[in-house]
Protein chains: 2
Amino acid sequence: MSLRHAILVLLQDQEASGYDLAREFANSIGLVWNATHQQIYLELGKLSEQDMVHYRHVPQEGKPDKKLYSLTEAGRTELVRWLKKPAGPARIRDAFMVKVAGGSLADTQVLLAELDSLAKQRRERLATFEALAQRLDESGRDDNVYNYLTVRRGILDQRAWLQWAEEVRHSLEHRSADSTAS
Amino acid sequence: MSLRHAILVLLQDQEASGYDLAREFANSIGLVWNATHQQIYLELGKLSEQDMVHYRHVPQEGKPDKKLYSLTEAGRTELVRWLKKPAGPARIRDAFMVKVAGGSLADTQVLLAELDSLAKQRRERLATFEALAQRLDESGRDDNVYNYLTVRRGILDQRAWLQWAEEVRHSLEHRSADSTAS
DNA sequence: AGTGCGTATACAACGGATTGCGCAGCACTT
DNA sequence: AAGTGCTGCGCAATCCGTTGTATACGCACT
């Protein structure tokens, strides 16, 4: 149970709407913790009931009204409490990796095609993160060290994946060349 | 819904008990897909009802009896079907990363201690994977390319994390030196 | 006029996942 | 003699998460 804490962390710097949070989860933080808007709205509702967050209603023109959430004292206290206790191990669900593990039954061409498509997404993400890192580096590095470190993690992650993808491609192409030749 | 497929992949090579699978999920595959024994037993039950897997009861001496599961034809067909359709995006839940992102509210010493403990685990895992990779490399590389690639992923992942950890340590130590000096 | 996209919020239903508990025997240590 | 840890299986409750659906307005495109 800790989508709540991810939300509290995001609200720590600035107030945000559910929609804003959803966008952040889809981008930067999404690499490390993901959530859909339904989940976020639900959790914001719960947090609000428990007085961890507070919102003000902001009418808008041309756009639907929104609710801007911010941390309450109780929310900040809860966040500090959570930060102190050890985090659980990281969990991942990478379906593509499972497919590679079961690769002997798969069609190599299909796997290669999927690999390319995933690699493309990763490269785009890498570019986004690198641009972001540079911007953070140029402005005050000290104020947002934590932000910077988060982005660095994203960069290293993408690079590691892409390097692995090269190895996979090499092995698979080798294999497919074999089977084509036979 | 695809713990089922991870299980089918594991059963593809060899028959295994629920307990065996749980160990595999805790180790090698665990980096990419995790599951507890309760989940595994439940899923094996469902798979068995649907005739995707089949088990034989094996009495043992000195240990509890066990059920050794293996794929049926239907299970293999389902696996092949699943391998063809594109995998969803990888999902992660890394609580420690969330903590780093919210680091400005955290106690630097606590974070550093946790970083060390996680780094230790990662280093151990890295050693295990590297040993495994070497063994696979020495025996026939071609038979278990897929297995080898899975392990490679684990290695690259650990290395990327450890590199990131170095960056984090550097930043945090810098910070803590500042605050100690002031 | 109709279609699709972006902003913004929300409910309902189902299924997947975690947590807590329980049983059972053997081996090894303290 | 009691405690700890490993092998092995399983149920029940609850919570988390996904998917589907809904509403509402403005803007741009065809």
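Just so it is clear: chains get the letters A, B, ... in the order the sequence lines come, proteins before strands, and each one is counted from 1.
When rounded to the nearest whole Å, the span between CZ of A/F25 and C1' of D/dG17 equals 13 Å. Put simply, CG on B/L47 is 16 Å from C1' on D/dG10, counting in whole angstrom units. Rounding to whole angstrom units, CD1 of residue B/I40 and P of D/dC11 are separated by 15 Å. The nearest whole Å value for the distance from the CG atom in A/L42 to the P atom in C/dA12 is 11 Å. Atom pair B/H5:NE2 and C/dG15:P shows a separation of 16 Å (rounding to whole Å applied). Distance CG (B/L21) to P (D/dG8): 12 Å, rounded to an integer number of Å. Between the CZ atom of B/R4 and the C1' atom of C/dG15 there is a distance of 12 Å, given to the nearest Å. When the C1' atom of C/dA8 is taken as reference, atom OH of A/Y55 falls 14 Å away, rounded to whole Å.
Residue side chain B/E43 does not reach the base of C/dG16 through any donor-acceptor N/O pair under 3.5 Å, judged by distance alone. Between the side chain of B/Q38 and the base of C/dG20 there is at least one donor-acceptor pair of N/O atoms closer than 3.5 Å.
For D/dG5, the OP1/OP2 oxygens have no side-chain nitrogen or oxygen of B/K63 closer than 4.0 Å. One finds a side-chain N or O of B/R91 lying less than 4.0 angstrom from the OP1 or OP2 phosphate oxygen of D/dT18. Look at A/Y41 and you won't find any side-chain N or O under 4.0 angstrom from OP1 or OP2 of C/dA10. Residue B/K67 has a polar side-chain atom (N or O) positioned under 4.0 Å from OP1 or OP2 of D/dG10. Note on A/Q39: every side-chain N or O is 4.0 Å or more away from OP1 and OP2 of D/dC16. Note on B/K46: every side-chain N or O is 4.0 Å or more away from OP1 and OP2 of C/dG15. OP1 or OP2 of C/dT7 has at least one side-chain nitrogen or oxygen of A/Y19 nearer than 4.0 Å.
Between B/R81 and B/E78 there is a salt bridge, since a side-chain N of the basic residue sits under 4.0 Å from a carboxylate O of the acidic one.
Between B/K66 and B/R93, the one whose closest nucleotide on DNA chain D sits nearer the 5' end is B/K66. For the pair A/H37 and A/N34, nearest-nucleotide mapping onto DNA chain D gives the more 5' position to A/N34.
With rounding to the nearest 0.5 Å, the separation of CD1 in A/I155 from CG in A/L132 is 8.5 Å.
Among the nucleotides C/dA8, C/dT18, D/dG10, the one closest to the side chain of A/Q60 is C/dA8. Checking C/dG16, D/dT7, C/dA8 against every side-chain atom of A/R23, the shortest atom distance belongs to C/dA8. In the set D/dC9, D/dG17, D/dT18, D/dT18 carries the atom at the smallest distance from any side-chain atom of A/T36. When the nucleotides C/dT7, D/dG8, C/dT9 are ranked by their closest atom to the side chain of B/D20, D/dG8 comes out on top.
The salt bridge (charged side-chain N to carboxylate O under 4.0 Å, His left out) test with B/D116 is passed by exactly one of B/R123, B/R122, B/R169: B/R169.
A/A90 approaches B/N34 most closely through the heavy-atom pair O-ND2, 4.5 Å. What you find for A/W33 and A/L3 is that their closest heavy atoms are NE1-CA, 3.9 Å. Between A/H37 and A/A22, the closest heavy-atom pair is CB-CB, 4.1 Å.
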